[in-house]
Each structure stands twice: as C-alpha cells, then as structure tokens.
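Worksheet: the structure to be examined is printed underneath.
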Amino acid sequence: SGSVFADGKTKDVLNVAHRGASAYAPEHTLPSYELGEQMKGDYIEIDLQMTQDGHLIAMHDETLDRTTDGTGRVNDHTLAEIKELDAGSWFNEAHPEYAKPEYVGLKVPTLEEVLDHLGPNKKYYIETKAPEVYPGMEEKLLATLERHGLLTDKALAKRHVLIQSFSRESLLKIHDMNPDIPLVQLLWYDTPAVIEDAELDHIETYAVGVGPNYKMIDREYVQNVRDHGLDLHPYTVNKKADMKKLIDWGVTGMFTNHPDRLHEVLKGR
Ligand code: G3P
Ligand code: CA
C-alpha cells in the first residue's frame, strides 16, 4: 500500500535497520547487520569512521570508548590495533535482556568486510561521519562501492546504496564525483522544524531526500518535503505509535533500531 503524493508517485515506506538491528545486537557488528536483514530491514545503515592508516570502518562514534573495550580516537589507531578490540561485550553489559555469549569478542568490521559478507544484493544506507576529520573519506567510499559492484547503472537504478551525511560539503563532493549516486541530506533540529522552499530547492539539486530527527517534525514539514518530490526518512523511530504517525503523515521510510516492529506496523496497514 502507499499514498499518492503531489508528485503523483506512489511510495512505499522503507525500513532502515539503524546500525543493524541495534536494539537486539551490538551496533555495527556483522550479527547486528544480519539480524537487520532477518527482521526485514530494506536497508542496512552503516556509519563510517576512518582509521589512522586510512581504512573505513563501521562505527558511529569518533572514539572507541562506547562501543569497544578500547579508548581514544579512531583516527589515532591503526586498523590492526582496532581489530584487537572487543566490540560486543559492552552490549551484553548494557542490555542483559538481549545478551548473547557469541557477542563477546566481536570485531569492528571494515566497510569492505561488511560488503563482502552481506554481498551485492543487499541494500546499504551509508553515512559519512565527521568527513572534515577524515580527508579522502569520500574517495575511499566510492572506490570501495565501485569494487563491490554497487555503482553499476543497474545497482544505482535500484538504489542499492544511499549515501547520507549531515555534512552538505561531503554530499556535494560525492555528487561532484558521481551525480548518479542517490544522496540524503541529514538534518538536526532542536526546536520545532520548519523547512523553507528555498532550502528544499537547493537540496533537490544534489540529493534525493532528507533525513531529519523525527521528534521536531510535523505533518506540514512532511508535506513540504514531499511536495518537492524529495524522500523523507526520519531517524530514529523505535515506538510503533510514532512509526504509525509518521506513516500517516507521508514519510517514505525511517531509521529504526527495531526493524521487526516497523515490519509489523507496515504489514498491518
Ligand atoms: O543516519 C541517521 C541517524 O543515524 C543520524 O544520527 O547519530 O544515529 O548517526 P546518528
Ligand atoms: Ca547514522
């Protein structure tokens, strides 16, 4: 099902498994991504950081402290050093109800390893994090995607990869390198969100959609974005009541740590 919007298109609602199925497994580990797939996520969300020796790794924070047993900045460590770390035990301690012995000792995956492991038939929603800290991140990302067959005409047409960033500069850089890659402008609001036509007109020149934090948007915001023909993927929506409200307003997808819940909501329409 789906509704007809001002641009005449019928859109379904994409289920984006945020950091994998990160409510149930340690975020940005292979088991979390696999679970995201099993729980019917359409896309696996991956945040990127870059090691001192230039490897792209799947990690949300610029520091190792929260999601591994290491400390300090990612860009002060080599990949070999980061591979020594345990990226799963913290989850067992923080979430005893979902703890599993097999999470102990999980490794931080590189983007390369994630793509090798899940393969070219899956869909990836990749975020350039702190691109100003990591010169060359965009070039490395595109080269890696290219090597994995994710930038062919067919893959692009099927939107096998969406690239997202809070950094407009990073998205513009990617758009400049390859204008066919679908991009999503992330936005953060700390007061009730309003989006002006001028801003949407500009975003439309390089991106296919916007991703705002969901708590500050309303029906009118959704309508404005959709009237411009842009996709709208709010983050991070974990309660069924919020999922239903956003779907009613007309969003075209959302990020969730609970892809199983969103799947149930979508099935029940
Ligand atoms: O990428 C969408 C959402 O994940 C943005 O916030 O901090 O969870 O990466 P963050
Ligand atoms: Ca993210």
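Remember, it's 1-based here, ligands and their atoms both numbered in the order they're listed.
- The closest protein non-hydrogen atom to atom 4 (O) of ligand 1 is His18 NE2, 2.6 Å.
- Interface atoms of ligand 1 facing Asp47, defined by a heavy-atom separation under 4.0 Å, are 9 (O).
- Ring centroids of His117 and Tyr33 are separated by 6.0 Å or more, keeping the two rings apart.
- In the vicinity of Gln164, heavy-atom distances shorter than 4.0 Å reach the ligand 1 atoms 1 (O), 2 (C).
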side-chain contact (heavy atoms from CB on, under 4.5 Å) between Thr256 and Arg261, worked out: CA-CA 9 Å; Thr256 178; Arg261 284 185 194 162; 5.7 Å; no
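- Using a 4.5 Å cut-off between side-chain heavy atoms of Ile, Leu, Val, Met, Phe, Trp and Tyr, with links allowed through other members, Met137 and Leu172 fall into the same hydrophobic cluster.
- Vertex the Ca ion (ligand 2), arms ending at OD1 of Asp47 and OE1 of Glu127: the angle is 80° after rounding to 10 degrees.
- Among protein heavy atoms, the minimum distance from atom 10 (P) of ligand 1 is reached at His60 NE2, 3.3 Å.
- Of all N, O or S atoms in Glu45, the one lying closest to the Ca ion (ligand 2) is OE2.
- For atom 9 (O) of ligand 1, the closest non-hydrogen atom of the protein is Lys129 NZ, 2.7 Å.
- The residue from Tyr189, Trp249, Tyr214 that alone fulfils the ring pair (Phe, Tyr, Trp, His ring centres under 6.0 Å) condition with Tyr221 is Tyr189.
- For Glu169, the CD atom counts as loosely surrounded, since its 6.0 Å shell holds 12 or fewer non-hydrogen atoms of other residues, nucleotides or ligands.
- Nearest-residue assignment for atom 6 (O) of ligand 1 (options Phe255, Tyr125, Tyr235, Trp188; heavy-atom criterion): Tyr235.
- Scanning the protein heavy atoms around atom 8 (O) of ligand 1, the nearest turns out to be Arg19 NH2, 2.7 Å.
- Using a 4.5 Å heavy-atom threshold, the side chains of Arg159 and Asp231 count as touching.
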Salt bridge (charged side-chain N to carboxylate O under 4.0 Å, His left out), that's the test. Do Asp248 and Arg219 meet it? Break it down for me. CA-CA 9 Å; Asp248 176 54; Arg219 191 184 287 277; 2.8 Å; yes
